[in-house]
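A short worksheet on the structure shown next.
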Amino acid sequence: MTNQNLPAIIDNSGIDPITNSSGNASFQEVLEKRMARRSFLKGSLAAAVSGILGVGLTGCNSSDTAEPSPPVSVPPAPVLLGFAAIAANRADAITVPAGYTAKPFLAWGTPIAGTYPDFLEDASNTAVEQAMQMGMNHDGMHFFPINVRSGGESSTEGLLVMNHEYVEPNVLHPQGPVLPRPAEQTAKEIAAHGVSVVHIEKTAQGEWQVVANSPFNRRITGETPMELAGPVRGHAKVVTKYSPDGSRTRGTLNNCAHGYTPWGTYLTAEENWAGYFMNSDETQVREHRRYGVGRSNGRYFWETATPAADRFSRFNASTIAASASEDYRNEPNTFGWIVEIDPFNPDSVPQKRTALGRFAHEGIVFANVTEGEPLVAYSGDDARDEYIYKYVSKAPYFKNTAGGHLLNEGTLYVARFNADGSGDWLALDINNPEFVAKAAVAGVVFSDQADVLLNTRLAADVAGATKMDRPEWGAVHPETSEVYFTLTNNTARTEANVDPANPRANNTTGHIIRWKERNSIAAVQFDWDIFLLAGDVGTATPGTDLVLTADNHLASPDGLWFDNNGLLWIQTDMSGSQQSSGPYGNNQMLVADPQSRQIKRFLVGPTDCEVTGVIMTPDHRTMFVNIQHPGDRSTATNFTSNWPAGGTSRPRSATVIITKDDGGIIGS
């Protein structure tokens, strides 16, 4: 066995390999044609958009607008964006505006369940202990008021549920990772993935704390038993040794962004899951090849763990590794889904909702719900040249009967953005004649709808969707129902296929796109425009008055969330030299008023971190923000960040609690 440093073992950049070789038009081709003929009107957002499209995004289809669910009380309108923007910086600390306070909370390793084992500063906690502690690399999260299911809006007690996207072995283990992987190290890494459900409450002194011994406190990991639900359940391509009837799987991995349902459950998204597996077959099956399953090893080499056990060997999906007694060739097919978790029922089994499609889900966001109308959700495939999807339930939404069944049967669509500012949702449906005809022309055969969903990317290729630049988080305006999506970056575009974001080759900075459905949220047509082109000081969004300044320049927008006052919170995920030596400083969080396009920088994170995941209590007086992978360039002997504990301590991902010193509304 040899001790290996992190860079020699894994790539935690979060950037999937490009696996889309289809000839679908790039977004840039669309954007160039549109920019050549469009003219923005100065003034309000509604005026600008109506000038572009002939249809006001903020004004059309007001009948679609509904109160967000779960229902919350919107505070009296404060003076928004009244704070002074903070400067970009590279401090190994959290920076927030004057008049605000930020405190770390629930750092990786914090005990939350079981025997509540203390975190050991040298990271020598066992795999069993890790499964009772907060996982690593916090990401998307949601706050559920403790009384939300009875219509309550508690802002002093609730369940904070969050994802743990991946692990950093150089920090997770005292001396770093070892190859071949020891079983104990591998088990600890699997346990540090997944989701945490934490019962928290605000004390009389105003401090938040974990409710010890709460039955709600729970860890869901890469080994937790799960059910496959929807069209793929029982399909031959998800049969494994663990589940001979194709109904179950173990664990959820690479949980990035999230969502929450109108009936009060949590949704976690499996993003860069393909990198955890390997398949050395000379010709991989399309369910592996199109998603980038590795040929020589998985990201963490879990398949090499000794002593061997099927809990580790399942990550080798090669034909040569399969036998009658241990066949995990289909194991990767049980990943790449949206997983529903009931945080209020600790005995519930998480459900992988296969009708929502299989790809690198960044997250999922619901359109504003309306009684008697279908449930509509959007999700991005976070990889270069991939797509944006929409799901429309078959059954209508009714508050009194809503539940997970609405996510088991419906139609999955993929987006095509047209040059005139219109867009089409293309059905990925084996019963849709147009889709079947396109598949026939492409020489692609799907046996049934489950096969379509298992190969969602291929189905989208066939449909003729628009290639996008790493579609990540989405957010829906609580009043206007406009949908906003971040497209983080794509450095692989060439002059021949110029980046859609700016437009320019080697797109390093990304953009935010938005659209409005026509006539109803379940419509198959929409109208779109560009809300923001990211970049350095002086970057302008064509046709608008928005020119970035030192108060708001940014790169690689990623996290996105609307509060109930209609403010759009934007988080960044720069990596490499862009973060360490570029003009932007550390990763940050900004806030925008979509009406005026005023944008201010609100938070800057510590060294080498990503700022990701944001939610508030219903009264808008407590904000939770996640800080992921501080010091992500650390080795086992040299930490590049010591946040949050300071000194010489090892870096730990953590949640940050932000409050206004005068007890007021966050963002005012």
Side-chain angles (χ1 to χ4, degrees), residues 1-15 88-95 104 106-110 118-127 129-130 133-139 164-182 184-186 188-189 191-193 275 297-302 304 556 572-582 584-588 604-612 626-656:
M1 294 185 180
T2 57
N3 194 295
Q4 299 285 330
N5 290 329
L6 176 63
I9 289 186
I10 63 172
D11 173 12
N12 269 330
S13 67
I15 301 177
N89 67 72
R90 289 195 171 86
D92 191 24
I94 297 291
T95 309
L106 294 175
W108 155 56
T110 300
D118 290 337
F119 175 75
L120 302 177
E121 295 296 332
D122 66 353
S124 60
N125 288 104
T126 66
E129 290 170 336
Q130 175 61 80
Q133 300 170 326
M134 293 295 294
M136 205 173 204
N137 286 334
H138 305 18
D139 210 298
H164 302 290
E165 185 177 5
Y166 64 92
V167 296
E168 296 162 284
N170 283 336
V171 176
L172 185 66
H173 308 297
Q175 284 81 44
V178 173
L179 275 175
R181 305 308 313 280
E184 173 62 19
Q185 283 197 349
T186 302
K188 184 176 181 181
E189 290 171 17
H193 280 77
N297 57 266
R299 178 186 298 175
Y300 300 108
F301 290 76
W302 287 346
T304 71
S556 301
T572 70
D573 182 16
M574 299 177 290
S575 60
S577 61
Q578 190 177 64
Q579 181 178 193
S580 61
S581 60
Y584 307 102
N586 293 344
N587 275 307
Q588 58 192 261
V604 176
T607 304
D608 292 344
C609 83
E610 174 187 349
V611 180
T612 180
N626 276 335
I627 301 299
Q628 185 184 102
H629 64 67
D632 75 343
R633 292 176 295 155
S634 298
T635 68
T637 57
N638 180 33
F639 303 141
T640 61
S641 170
N642 305 110
W643 188 86
T648 60
S649 63
R650 70 183 55 234
R652 297 166 66 186
S653 295
T655 303
V656 173

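Here the OH-OH distance, from Tyr300 to Tyr166, works out to 7.0 Å after rounding to the nearest 0.5 Å. The line from OG1 of Thr655 to CE of Met134 is 5.5 Å long, rounded to the nearest 0.5 Å. Considering CZ of Arg181 and OG1 of Thr304, their distance stands at 7.0 Å, rounded to 0.5 Å.
What you find for Ala88 and Val604 is that their closest heavy atoms are CA-CG2, 4.4 Å. Contact record, Ala107 with Ala654: CA-CB, 3.6 Å, taken as the closest heavy-atom pair. In terms of heavy-atom proximity, Arg652 sits nearest to Pro630 at O-CG, 3.6 Å. Closest approach of His629 to Ser653, counting heavy atoms only: N-OG, 3.0 Å. For the pair Ser641 and Pro651, the tightest heavy-atom approach, listed with the atom from each and the gap, is O-CD, 3.4 Å. Here the shortest heavy-atom pairing between Ser124 and Leu120 reads OG-CD1, 3.2 Å.
Scored by the side chain to side chain donor-acceptor pair (under 3.5 Å) test, Asn638 finds no partners at all (sequence neighbours excluded).
In this structure, Thr572 contributes its side chain and Asn587 its backbone to no donor-acceptor pair below 3.5 Å. Using a distance-only test at 3.5 Å, with no hydrogens or angles considered, no donor-acceptor pair links the side chain of Arg90 to the main chain of Thr607. Using modelled atom types, no side-chain atom of Asn137 and backbone atom of Gln628 make a donor-acceptor pair closer than 3.5 Å. Asp92 places a side-chain N or O within 3.5 Å of a backbone atom of Asn642 that can act as its donor or acceptor partner.
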What do the steps show when you test Gln133 against Asp118 for side-chain contact (heavy atoms from CB on, under 4.5 Å), and what is the final call? CA-CA 8 Å; Gln133 300 170 326; Asp118 290 337; over 6 Å; no
Just do the ring-ring contact (aromatic ring centres under 6.0 Å, His included) check on Trp302 and His193 with the steps written out, would you? CA-CA 13 Å; Trp302 287 346; His193 280 77; 5.4 Å; yes
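Residues Asp608 and Thr640 have side chains that bring a donor and an acceptor to within less than 3.5 angstrom of each other. Inspection of the Asn626 and Thr612 side chains reveals no N or O donor paired with an N or O acceptor under 3.5 Å. Under 3.5 Å, the side chains of Ser556 and Asp573 contain no donor-acceptor pair of N or O atoms. A side-chain donor from one of Glu189 and His173 sits under 3.5 Å from a side-chain acceptor of the other.
Judged by the 6.0 Å distance and 45° axis criteria, Arg633 is not positioned over the aromatic ring of Phe639.
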